[in-house]
Amino acid sequence: MHSDSIYHEQQGFSQKWLMIILVLELLISVAATVLIFMKEPDAGILVALLPALFGIALFLLMTKARLKLEINDQEIHYQFRPFHLSRRTITRSQVDALTVVSYDPLSDYGGWGIRKGREGWAYTTAGHTGLLIKRNNGKPVLIGTSRPDALAAFLRSRWTALYRPAS
């Protein structure tokens, strides 16, 4: 959603390769539970169910995780559910510069998710573009975006003094 005064974006982990891995992990964990029940009938129910419970929990965590980004004229809000219980806010007065950048998730941050890299913390779910927020406390933050052109257009019009086009 993008209105004149608010930019809003929500992303999740939706890569096909990741979904295949998650489904395989779920199937293997359920199969492990069945094998435990078949080979160790005296094993406690909790011990036998642990692989399936772990598999289901990981599957749900990854498929339900959402990165939300909302920017208005004065603040940048972001939240990576379920890891952040409340949204994080960066005010205009805390920002030195904003740039929509291309980055390499693996070499720059070690992958997707909540990651620490050379450029500070990153919150990403997919892709290789993000909003690099250079804060005046010296701690930059990168927030992934699947709509870099729309985000750049919003920042050019609403955060003009702080927006820096990528070089």
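Please read these numbers as outputs of a predicted model, since none were measured by experiment. If you read the sequence from its start, that first residue is 1, and numbering goes on from there.
R87 CZ to K68 NZ: the interatomic distance, rounded to the nearest 0.5 Å, is 10.0 Å. One distance of note links CD of E70 with CD of Q79; it measures 11.0 Å at 0.5 Å rounding. Atoms NE2 and NE2, on H8 and H77 in that order, are 11.5 Å from each other to the nearest 0.5 Å. In this structure, CZ on F59 lies 13.0 Å from CD1 on I21, to the nearest 0.5 angstrom. Here CD of Q74 is found 5.5 Å from CZ of R92. Values are rounded to the nearest 0.5 Å.
Contact check for T125 versus W112: no side-chain heavy atoms found under the 4.5 Å cut-off. Looking only at side-chain heavy atoms (C-beta outward), K134 and R164 stay at 4.5 Å or farther from each other. At least one side-chain heavy atom of R88 sits less than 4.5 Å from a side-chain heavy atom of Y123. With a 4.5 Å cut-off on side-chain heavy atoms, E25 and F54 count as touching. The shortest distance between side-chain heavy atoms of I56 and S29 does not fall below 4.5 Å.
Within 6.0 Å of OH in Y163 there are more than 12 heavy atoms belonging to other residues, nucleotides or ligands. Environment of CG in L106: crowded, with over 12 heavy atoms of neighbouring residues, nucleotides or ligands closer than 6.0 Å.
In this structure, R158 contributes its side chain and S5 its backbone to no donor-acceptor pair below 3.5 Å. With hydrogens and angles ignored, the 3.5 Å screen pairs no side-chain donor or acceptor of E9 with any backbone N or O of T145. No donor-acceptor distance shorter than 3.5 angstrom exists from the side chain of W121 to the backbone of K139, with no hydrogens or angles considered. Between the side chain of N137 and the main chain of Q94, no donor-acceptor pair closer than 3.5 Å is present.
Applying the under-4.5 Å side-chain rule to Ile, Leu, Val, Met, Phe, Trp and Tyr, the cluster around I28 consists of that residue alone.
Cluster annotation: L162 and V101 are assigned to distinct hydrophobic clusters (Ile/Leu/Val/Met/Phe/Trp/Tyr, side-chain heavy-atom contacts under 4.5 Å, transitive). When hydrophobic clusters are built by joining Ile, Leu, Val, Met, Phe, Trp and Tyr residues whose side-chain heavy atoms come closer than 4.5 Å, directly or via intermediates, L26 is not grouped with L35. Under a hydrophobic-cluster definition in which Ile, Leu, Val, Met, Phe, Trp and Tyr are linked whenever side-chain heavy atoms come within less than 4.5 Å, directly or via other members, Y78 and L131 are assigned to the same cluster.
The two residues L132 and P140 make their nearest non-hydrogen contact at CD1-CB, 4.2 Å. What you find for P105 and H128 is that their closest heavy atoms are CD-CB, 4.2 Å. Residue T99 comes nearest to P165 through the heavy atom pair CG2-C, 4.0 Å, listed as atom of the first residue, atom of the second, then distance. Considering every non-hydrogen atom in both L142 and T124, the closest pair reads CD2-CG2, 4.0 Å.
For the pairing with D108, the salt bridge (charged side-chain N to carboxylate O under 4.0 Å, His left out) check across R118, R115, K116 returns one residue only, R118. Partner of I71 under the side chain to side chain contact (heavy atoms under 4.5 Å, CB included) criterion, chosen from L151, I6, I143: L151.
The aromatic rings of Y103 and Y109 sit perpendicular, their planes meeting at an angle over 60°, well past the 30° parallel limit.
A search for side chain to side chain contact (heavy atoms under 4.5 Å, CB included) contacts involving T33 returns F37, L49, P51, A52, not counting sequence neighbours.
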Inset, instruction - Assess whether side chain to side chain contact (heavy atoms under 4.5 Å, CB included) is satisfied between I76 and V141, documenting all intermediate values. - result: CA-CA 11 Å; I76 300 167; V141 173; over 6 Å; no

